[in-house]
A.B. asks: 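Submitted below is the structure of interest, expressed as structure tokens.
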Amino acid sequence: MKPNVKLAEATTPGGARLILYEHDGAYCIRLNGQILMHSSATTSEVRLGELAAEILSNQPDSLALLGGLGLGFTLKSLLAKAGPGAKIQVAELIPAIVDWNRTLLTRLNGALLDDSRVKVLLQDVWTVIEGAAPDQYDAVVLDIDNGPTAMVQECNSRLYSPKGLLRIVGVLKPGGRALFWSARQNP
């Protein structure tokens, strides 16, 4: 039996332990021992990126905000389907996640963060949305935490509150699209 190999560890702003493991070519990020994301279960992340890219590929100079980098699968599918004029801002709260994608996870996603269409913002996605201009984005994609049921950062629930949803709608261009990843159905 092949062991789980601990590749790196970081601490979230709330003090939780975030650990990157590799097991037989698959990668997993655990939060305080619970699986947060796994490279063998990526269908929903890939589809999320594809749905966002549908609106980007039809417009020149389109702009998307992706909240959460994770293992990079949503960004990878977004880039694969978005047009050459698309720009994607990736808001990632935890610098170690960005570092891991640039170093330890390149086998999974290549050099996604080096794509000229990508700009990494080491910020909480809420801060980015709060500071955004009205009608700024063609798409806002939230692939953070565990969806509306927060695991990493409890205050992420504000994104799914009436105020948060109205703010997201306000930063979308007319005809824009907001997409939300969730681990389970959530009313």
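Since the structure is predicted, the reported quantities are computational estimates derived from the model, not experimental observations. Hydrogens, waters and symmetry mates are skipped; everything else that's a heavy atom, side chains included, is used.
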A.B. asks: Measure from the side-chain N and O atoms of Arg30 to the backbone N and O of Tyr21, and report whether any donor-acceptor pair falls under 3.5 Å.
C.D. replies: no

A.B. asks: Pick from Val125, Thr127, Val120: which one makes a side-chain contact (heavy atoms from CB on, under 4.5 Å) with Gln123?
C.D. replies: Thr127

A.B. asks: I need the minimum non-hydrogen distance between Ala10 and Ala96, along with the two atoms involved.
C.D. replies: CB-CB, 3.5 Å

A.B. asks: How far does CD1 of Ile144 sit from CG of Leu159, to the nearest 0.5 angstrom?
C.D. replies: 4.5 Å

A.B. asks: Give me the atom names and distance for the closest heavy-atom approach of Ile129 to Val171.
C.D. replies: O-CG1, 3.8 Å

A.B. asks: Under 3.5 Å, is there a donor-acceptor pair between the side chain of Lys76 and the main chain of Leu108?
C.D. replies: yes

A.B. asks: How far apart are the closest heavy atoms of Leu113 and Arg102, and which atoms are they?
C.D. replies: CB-NH1, 3.5 Å

A.B. asks: What pairs with Asp61 under side-chain hydrogen bond (donor to acceptor under 3.5 Å, both in side chains), at least two apart in sequence or on another chain?
C.D. replies: none

A.B. asks: Could you see if Ile19 belongs to whatever hydrophobic cluster contains Trp100? Use Ile, Leu, Val, Met, Phe, Trp, Tyr and a side-chain cutoff under 4.5 Å.
C.D. replies: no

A.B. asks: To the nearest 0.5 Å, tell me how far Ser39 OG sits from Glu22 CD.
C.D. replies: 8.5 Å

A.B. asks: Is there side-chain contact between Leu142 and Ile168, with heavy atoms separated by less than 4.5 Å?
C.D. replies: yes

A.B. asks: Which pair of heavy atoms, one from Ala16 and one from Asn32, lies closest together, and at what distance?
C.D. replies: CB-ND2, 3.4 Å

A.B. asks: Starting at CG of Asn109, measure out to OG1 of Thr74 and round the result to the nearest 0.5 Å.
C.D. replies: 11.5 Å

A.B. asks: Tell me if a side-chain donor or acceptor on Glu130 pairs with a main-chain N or O of Ala132 at a distance below 3.5 Å.
C.D. replies: no

A.B. asks: To the nearest 0.5 Å, tell me how far Leu79 CG sits from Leu56 CG.
C.D. replies: 9.5 Å

A.B. asks: Taking salt bridge (Lys or Arg N to Asp or Glu O under 4.0 Å) as the cut-off, I'd like each qualifying pair that reaches into residues 131-141, sequence neighbours left out, listed once.
C.D. replies: Asp138-Lys173

A.B. asks: Check whether Val169 and Leu66 end up in the same hydrophobic cluster, where Ile, Leu, Val, Met, Phe, Trp and Tyr are linked by side-chain heavy atoms less than 4.5 Å apart.
C.D. replies: no

A.B. asks: Do the side chains of Ile94 and Pro13 get nearer than 4.5 Å, heavy atoms only?
C.D. replies: yes

A.B. asks: With distance as the sole test, does Arg167 use its side chain to make a donor-acceptor pair with the main-chain N or O of Trp126 at under 3.5 Å?
C.D. replies: no

A.B. asks: Could you check whether atom NZ of Lys119 has more than 12 heavy atoms from other residues, nucleotides or ligands sitting under 6.0 Å from it?
C.D. replies: no

A.B. asks: Heavy atoms, side chains only, cut-off 4.5 Å: are Ile88 and Asp115 in contact?
C.D. replies: no

A.B. asks: Any ion pair linking Glu54 and Lys81 (charged N to carboxylate O, less than 4.0 Å)?
C.D. replies: no

A.B. asks: Could you check Leu71, Leu75, Leu78, Asp143 and say which one makes a side-chain contact (heavy atoms from CB on, under 4.5 Å) with Glu45?
C.D. replies: Asp143

A.B. asks: Which atom names give the shortest non-hydrogen contact between Tyr137 and Ala64, and what distance separates them?
C.D. replies: CD2-C, 3.8 Å

A.B. asks: Is there side-chain contact between Tyr27 and Leu105, with at least one heavy-atom pair below 4.5 Å?
C.D. replies: yes

A.B. asks: What closest approach, in Å, do His38 and Cys28 show between heavy atoms, and which atom pair accounts for it?
C.D. replies: CD2-CB, 3.5 Å

A.B. asks: To the closest 0.5 Å, what do you measure between CG (Leu20) and CG (Leu7)?
C.D. replies: 4.5 Å

A.B. asks: With the 4.5 Å side-chain cut-off for hydrophobic clustering, are Leu65 and Leu165 part of the same group?
C.D. replies: yes

A.B. asks: Mind running side chain to side chain contact (heavy atoms under 4.5 Å, CB included) on Thr42 and Met37 for me, showing each step along the way?
C.D. replies: CA-CA 9 Å; Thr42 62; Met37 59 197 80; over 6 Å; no

A.B. asks: Could you state the interatomic distance from CD (Glu9) to CD1 (Ile29), rounded to the nearest 0.5 Å?
C.D. replies: 12.5 Å

A.B. asks: With a 4.5 Å cut-off on side-chain heavy atoms, are Leu112 and Asn101 touching?
C.D. replies: no

